Visitor: 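Handing you this structure, nothing more for now.
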Amino acid sequence: MGKVYITTAIPYVNGVPHVGHAVDYLLADVCARYQKQLGNEVRFQAGTDEHGSKIWQKAKEQNIPVEEYVAANSKKFQDFISKLGVEYTDFVRTTDSDHQERVQKIWEKIKDHIYLAKYEGWYCSGCERFITDKEYEENNGVCPDHQKPYEKLEEENYYLKISDFKDQIRDAIESHKMLILPEFREKEILKLLEESPDVSISRPRSQLTWGIPVPGDDNQVMYVWMDALSNYITVLSYPDEDISNWWPAYAQFVGKDILRFHALIWPAILLALGLELPKTLSSHGMILANGQKMSKSIGNVIDPLEVLEKHGTEAFRYYFLRHVDTFADSDFTWEKFEDAYNNELANDLGNLVQRLSTMCKKNNFSLNHVPEIKLEKEYCDLMNEFRFKDAFDFAWEKVQAINKKIDDEKPWALAKEGNVEKLNQVLSGLVVNLLEVNELLKPFLPETSAKIAEIFTNEIMPPAEPLFPKK
RNA sequence: CGAGGGGUAGAGCAGCCUGGUAGCUCGUUUGGCUCAUAACCAAAAGGUCGCAAGUUCAAAUCUUGCCCCCUCAACCA
C-alpha cells in the first residue's frame, strides 16, 4: 500500500478562523480518509502562517508580545480544525525554530536562482507599502487614507528567478504531471504563467521586522513566499531528512485566491531544489453569505464556531461537503443550512436508520455475518478525480433508494402475514444496502458512519437518541 | 483591449467539451403508505435554456456579436 501526503493552506493568524478555512480542511480530510479507506498510509499537514508586519502591528496594538499573540491565535486554529473532525498528522507553525532553520537552508540551496535588485516605486509612509502606478494616478498622487502625498522610494529586494523555470512549469501543467483543478483554473494559470515576472521574496529589515532573516544579509528579511510555502516540506523535516517517502504530495488543497502562488512560485522553489512537483493542486471557491462576499465592513461574516456549536460537527461537514461546490464559489445561508439538516440529514438518513433499525429490532432480526463491502467504481472515479461533492451526491442517492426500497418491499406487511423467511430475506437485503452506503459516507461523515455501523452490526438496536433530531 | 467564471422552472444547480425527445434537489399541489424523527413513496403543475445572427436535416449544446452578474489581478479565507 502506498504512502500519501496531503496538505492544506496555512492561514495567516491575524484573525480568528473563518468559515472559508473550513472548506480547505474538510476537502483535504475527505481526501485523506478516503485514501485511508483504500488502505494507504496518510500524512496530513496543517499549520499556521505567523510572520509579517500585519501581525506585528496587531500584537503591538493590543499590547501583547508578538510571540504570545501568534501562539494564542495558532491555538485557535488548532482547536477549530479538531472541532471539524479533521484528522491531521502534522502541524507546522512558521515561527517554529525548526521551520525557520530549514527555510534558511532552503534559501541557501536555491541561491543560484536568487538575485538582489532595486525596486523603485511610489510609497505611502502611512500605509507602509508601495502602491501601483494605476493607484497613484487614480488618487492624483495623494493617499486618500492618510492625506499625504506619495513619495518616490527605492529599496532593495531579493528576487526569485521564476524565469528559470517557466518552461518546466508549463510542461508540468500541460502534461498534467502537476494537475491543476478545476480545469478552468488551469487555463487561467497557464495565461498567468506567461506574464509572470520574477518575484520579490524579501523586504528590508526596516520595513519587516517579524520574519525569518535572509541568511548572509542582515538587512533583509524573508517575505511571505519562501517562509510560508516552504512549510509543506519543512514539516516533513526537509532538508534535514530524506522526504522521498512522502514527497511529491498526492494533493495540495488551496483556495482560489492563493492558487497562483502555489502554481507559479511554489513550483519554482521546488524545481530550484531539485524536488518533484505536487501531483495535484486542487483549488476551491469562496463561501458567500447571501450571495455576497463576507466582509467585516458589511458585517455578514458567518462564524464557523457558531455553526458548529448549534448543529455539531457532522451537520457542518454535511453542508460544507455537499451543498458547497468542491471547486466553485458557493452560498451559505442559515436557511439553506437548516433545510439541508432537516430535509436531508434528519429525514433521509436519520429517519432511515431509525425506521430500519426499529423494524429489525421488532422482528428480532440480526445479520448473520457482515459481508465484505467493496467501494463502487463510479464512486471511486469521482473520488479519484477530487469531485467530492459529486461523490457525496452519489452516496446520497443510494440513501434515498433504500427508503424507496422499503416502501416497495413493505416488510411490515410481511411481518403481519407472518412470512418470517421472506421478511428476514428482505431485512437482510436492506441492512446490507445500508451498510454499503455507510461505507461511502465514511470519509464525509465519519462519526455518523461509525454509529450506523455500530447499530447494524451484531444485535441490531435502534439508537437511544435519533441521529439527527429535527430542529 | 488585463484574465477567468456565470446567466437553464419560484429558489439552488446539472446537462454544453463528445449537437438529436430539457434533467436533479428544495418548494407547491394531489394521491398512497404506516415500519419511522408529522418522517417515507408516487404523480402533477411549472422553462421563449440572457439577447441577436450564423453553421446544420437538427443547437441549451458549435461559431460570431452584444447585454447583465461575479471573481482574481493588490495583505480583508
Side-chain angles (χ1 to χ4, degrees), chain A residues 9-12 14-25 49 52-55 57 77 127-132 134-135 182-192 194-196 223-224 254-260 283-288 291-298 301 304 322-323 325 327-331 333 335-336 339-340 342-363 389-390 393 396-397 400-416 423 426-427 430 462-463 465-471:
Chain A
I10 55 172
Y12 195 57
N14 64 341
V16 294
H18 185 282
V19 69
H21 296 298
V23 176
D24 204 56
Y25 296 130
D49 175 17
S53 45
K54 270 255 166 72
I55 281 177
Q57 277 166 16
F77 276 90
C127 306
E128 293 185 27
R129 69 178 182 105
F130 282 92
I131 58 144
T132 60
K134 206 175 170 185
E135 208 174 340
E183 204 182 314
F184 66 81
R185 295 277 171 228
E186 179 189 279
K187 270 195 286 182
E188 203 173 310
I189 291 296
L190 282 169
K191 282 256 166 60
L192 272 170
E194 299 312 316
E195 305 151 12
S196 177
Y223 189 53
V224 59
V254 296
K256 68 172 184 185
D257 52 335
I258 52 170
L259 174 64
R260 60 183 52 205
S283 73
H284 58 260
M286 306 277 125
I287 303 292
L288 308 174
Q292 270 186 315
K293 190 170 171 172
M294 287 183 209
S295 90
K296 283 170 194 160
S297 47
I298 302 173
V301 176
R322 180 138 190 264
H323 290 280
D325 192 278
F327 301 113
D329 290 355
S330 300
D331 204 31
T333 66
E335 199 192 345
K336 282 184 188 176
D339 279 352
N342 285 322
N343 295 329
E344 297 166 17
L345 269 179
N347 291 352
D348 287 348
L349 183 60
N351 183 52
L352 170 62
V353 167
Q354 201 71 27
R355 71 194 292 211
L356 189 54
S357 58
T358 305
M359 231 168 337
C360 291
K361 169 83 179 158
K362 276 188 182 169
N363 295 293
K389 175 195 181 300
D390 294 336
D393 281 345
W396 210 262
E397 277 169 29
Q400 291 168 322
I402 298 173
N403 271 324
K404 179 172 159 52
K405 199 171 165 190
I406 293 178
D407 275 59
D408 289 346
E409 297 189 332
K410 303 183 178 43
W412 57 87
L414 296 171
K416 267 186 198 153
L423 174 65
V426 165
L427 289 178
L430 291 167
E465 293 282 313
L467 251 37
F468 300 102
K470 283 194 98 166
K471 301 210 170 163

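Because the structure is predicted, anything quoted here is derived from the model rather than measured.
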Visitor: Could I get the full list of side-chain contact (heavy atoms from CB on, under 4.5 Å) partners for A/Ala340, not counting sequence neighbours?
Guide: A/Tyr318, A/Tyr319, A/His323, A/Glu344

Visitor: In whole angstrom, give the distance that lies between atom CD1 of A/Ile258 and atom P of B/C75.
Guide: 11 Å

Visitor: Which residues satisfy the salt bridge (Lys or Arg N to Asp or Glu O under 4.0 Å) test with A/Asp325, sequence neighbours excluded?
Guide: none

Visitor: How would nucleotides 33-41 of chain B be written as a contact map, 5' to 3', with B for base contact, S for sugar-phosphate-only contact and - for no contact, using protein heavy atoms under 4.0 Å?
Guide: SSBBB-SBS

Visitor: Between A/His323 (NE2) and B/C24 (P), how many Å, whole number?
Guide: 17 Å

Visitor: Rounded to whole angstroms, how far apart are CZ on A/Phe327 and P on B/U71?
Guide: 21 Å

Visitor: State which residues pass side-chain contact (heavy atoms from CB on, under 4.5 Å) with A/Asn343; sequence neighbours excluded, sorted by chain then number.
Guide: A/Asp339, A/Asn347

Visitor: How is the base pairing of RNA chain B summarised as a dot-bracket string, given the Watson-Crick and G-U wobble criteria with both distances under 3.5 Å, [ ] for crossing and | for another strand?
Guide: .(((((((.[[[[.)....(..]]]].(((((.......))))).....[[[[[..)....]]]]])))))).....

Visitor: For A/Glu465, enumerate each residue passing the salt bridge (Lys or Arg N to Asp or Glu O under 4.0 Å) test, keeping only those at least two apart in sequence or located in another chain.
Guide: none

Visitor: So, do A/His21 and B/A77 meet the stacking rule of ring centres under 5.5 Å and planes under 30°?
Guide: no

Visitor: Can you list everything that forms a side-chain hydrogen bond (donor to acceptor under 3.5 Å, both in side chains) with A/Asp49? Sequence neighbours excluded, please.
Guide: none

Visitor: Of all residues at least two apart in sequence or in a different chain, which pass the side-chain contact (heavy atoms from CB on, under 4.5 Å) check with A/Lys293?
Guide: none

Visitor: Looking at residues at least two apart in the chain, or sitting in another chain, which of them share a salt bridge (Lys or Arg N to Asp or Glu O under 4.0 Å) with A/Glu186?
Guide: none

Visitor: How would you summarise protein contacts on nucleotides 2-14 of chain B per nucleotide, using B for base, S for sugar-phosphate only and - for none, with heavy-atom distances below 4.0 Å?
Guide: -SSS---------

Visitor: List the residues meeting side-chain hydrogen bond (donor to acceptor under 3.5 Å, both in side chains) with A/His21, not counting sequence neighbours, and say none if there are none.
Guide: none

Visitor: Taking salt bridge (Lys or Arg N to Asp or Glu O under 4.0 Å) as the definition, give me every residue that meets it alongside A/Lys404, ordered by chain and number, with sequence neighbours left out.
Guide: A/Asp408

